[in-house]
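Letters A, B, ... mirror the listed sequences (proteins, then strands); counts begin at 1.
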Amino acid sequence: MTRDDIKDVVLEIIEDINDEEDLSKIDGDKALRDQIELDSMDFLDIVMELRKRFQIQIPEEDYGNFETLNKSVNYLEPLLADK
Amino acid sequence: MPISKLTNLKSTYDSVIIGSGLGGLTCANMLARQGHKVLLLEHHFQLGGLATWFTRPNGHIFDVSLHGFPYGMIKSCRRYWNKEIKNRIVQLKGIRFVNPQYQLESTFTREHFTELLENHFKIPRKNIDGFFETIFNMNYYEDNTQTTGELFEKYFPNRNDVHRFLLEPITYANGSTLEDLALTYGIVFSNFMSKGVYTFQGGTDKMIALMAEEIQRNGGTICTNTKVDKIEIENKKVQGVSVTYKNQQIFIPAKSVVSNAGLVNTIFDLTDKEHFKQDWICQAKKIRVNSSSSQVYFGIKKGESFPFLGDLVFTSKAETFTTDELFDFNTTSQTFSIYYPECRADNSKYENHYAVVSSLNARYEDWVNLSKDDYAIAKENLIKRASSDLEKFIPGIVEKSDWIEAATPKTFKRYTLHRGGSSFGTKFEGLEYSRNLHKQVAGLFHVGSVGIIMSGWLGAMNYGAIVCNDADAYLRK
């Protein structure tokens with residue numbers, strides 16, 4: 001998957017969790033939690049959905065990599081390279 | 001509610017869930033939704049665990065724990081259940097406190113608490129802001145030994161009335177006391193008291209029925225009247241469960257087992273201890289179960305009614321607030337949950353039904369050793385105390401009622417099987433053991449009220465989602 005594909009997937013998952021906010025204005029370098037309503041339970045849902053779709057395991061200590069959209073893409077890029 | 005027969009089971013399951021409290025139900029639903037083959041087993045004839053209700057002659061229905069839950073339930077019900085369940089969550093507006101120190105009403109929002117602390121209790125603004133800032137920034141992984149009592153003394157020194165105002169509702173919600181860790185208080189308070197108190201339109205019975213439907217829609221199988229005797233383990237790995245069904249022993253193979261039985265029951269009663277590391281099991285013996293409860297139920301005669309007096313009324317005759325008084329066998333502190341016809345407005349069976357449930361904190365030890373006669377007398381006394389206190393709010397309450405009965409810690413024990421009849425899981429240390437159970441036995445998970453912060457309807461439901469993530473990761477390895 002390309003970086004753009006990965007970004008689309010992450011946004012799609014977030015949209016499913018939070019369908020009440022406009023995600024097009026998200027700044028990739030700013031913390032997601034500061035821009036839209038996402039709590040720690042929502043990050044759990046993101047991880048679970050990624051596991052279901054791509055069979056990738058993300059350990060709890062790595063959850064911090066999902067702080068911003070760009071950080072998420074950086075983290076997922078090697079994991080999803082051949083998906 | 002279509003319940004499966006244990007004799008019509010599939011040969012093996014991805015996950016067997018033991019117990020159908022809100023943690024077990026939520027975990028079962030989410031695992032089923034993830035595509036796993038799920039079997040939910042419940043020993044009682046009814047689902048819900050402590051999220052329960054019961055019916056009585058003369059058309060009565062009583063909710064046991066539908067007192068009120070936090071705003072976060074709306075989002076959790078939407079995410080982990082469905083829109084129909086979410087749309088039935090409505091706000092409760094009438095929450096009152098009546099005790100010798102103050103008589104107040106609150107909407108249970110941070111703004112209103114701030115206003116009352118400033119204008120009624122005359123607390124300087126900088127203390128109020130400092131207090132809220134501290135508790136809203138608490139994280140459960142922080143290593144802090146400060147107790148809730150110490151936290152209160154820091155911001156509101158020598159103000160027992162303020163301590164009572166801030167803690168009493170939480171004690172009824174999860175059994176926590178001034179002596180528990182401040183961070184458990186902080187996490188629960190910031191969840192519970194920041195955006196109001198909510199209830200479920202249609203009552204507990206409707207909620208649980210909708211949840212059972214959703215699990216089945218997602219392909220999960222549910223069996224009631226099925227008590228699990230043992231979690232079967234070989235070579236540190238879960239193999240399934242053994243159950244007794246109609247006097248027959250049946251082994252059900254499963255790749256993973258999620259126990260929604262009490263944590264202490266799970267470790268010491270359902271599992272052979274040879275499967276755990278010795279030092280781990282030694283430490284686990286120190287897990288303290290939380291306190292229990294007593295309740296008194298008043299069913300109002302058909303045709304009788306009373307005017308709105310609030311939804312939740314926290315009452316006490318105690319001059320000051322202490323843990324000992326609150327948990328005393330003869331405590332004068334109780335909370336009235338008042339149910340009006342609106343609660344089940346769309347259920348014609350309970351048209352114009354009024355009920356009141358009084359809840360008291362209680363210690364199992366105080367009740368378990370009473371003789372049959374003393375137990376009956378103590379139950380009568382509970383009813384007398386609740387009736388005379390309720391009389392002040394609803395004159396003629398006893399005459400208006402045609403059903404009054406009491407439940408004690410022994411009742412809670414009978415229906416939940418929890419050690420010590422615990423109504424709020426374990427104290428803080430239980431969380432670590434619950435979270436780490438699968439590191440002792442591969443494929444064995446625990447979900448349910450633990451550590452105070454994972455307690456209550458919202459805590460249990462969210463914990464169900466967290467444990468689903470653990471079990472799902474294990475199953476997809």
Heavy-atom closest pair, residues A/Met48 and B/Asn469: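 Looking at all heavy atoms of both residues, the closest pair is SD-CA, 3.4 Å.
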Contact summary for B/Ile466 and A/Leu44, nearest pair of heavy atoms: CA-CD2, 3.5 Å
Approximate separation, where rounding is to 0.5 Å, of B/Met30 CE and A/Asp45 CG: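 Going from the CE atom of B/Met30 to the CG atom of A/Asp45 covers 5.5 Å.
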Nearest-0.5 Å distance, CG of residue A/Asp39 to OG of residue B/Ser76: 7.5 Å
Lys/Arg N to Asp/Glu carboxylate O, B/Asp472 vs A/Lys52, below 4.0 Å: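 No, this pair does not count.
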Short N-O contact, B/Lys75 and A/Glu20, less than 4.0 angstrom: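 The answer is no: the pair does not qualify as a salt bridge.
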In this structure, are over 12 heavy atoms from other groups packed under 6.0 Å from [X] atom [atom1]?
X: B/Lys37; atom1: NZ; value: yes
X: B/Lys277; atom1: NZ; value: no
X: A/Glu21; atom1: CD; value: yes
X: B/Lys236; atom1: NZ; value: yes
X: B/Tyr71; atom1: OH; value: no
X: A/Gln55; atom1: CD; value: yes
X: A/Glu77; atom1: CD; value: yes

Note, A/Met41 side chain near B/Tyr80 side chain (heavy atom, < 4.5 Å):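 Side chain of A/Met41 against side chain of B/Tyr80, heavy atoms only: contact under 4.5 Å found.
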Minimum side-chain heavy-atom gap A/Glu60-B/Arg435 below 4.5 Å: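 Of all side-chain heavy-atom pairs linking B/Arg435 with A/Glu60, at least one is under 4.5 Å.
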Contacting moiety of A/Ile58, where chain B heavy atoms sit under 4.5 Å: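 For A/Ile58, neither part sits under 4.5 Å from chain B.
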Donor-acceptor pair, side chain of B/Arg79 and main chain of A/Asp42, under 3.5 angstrom: no
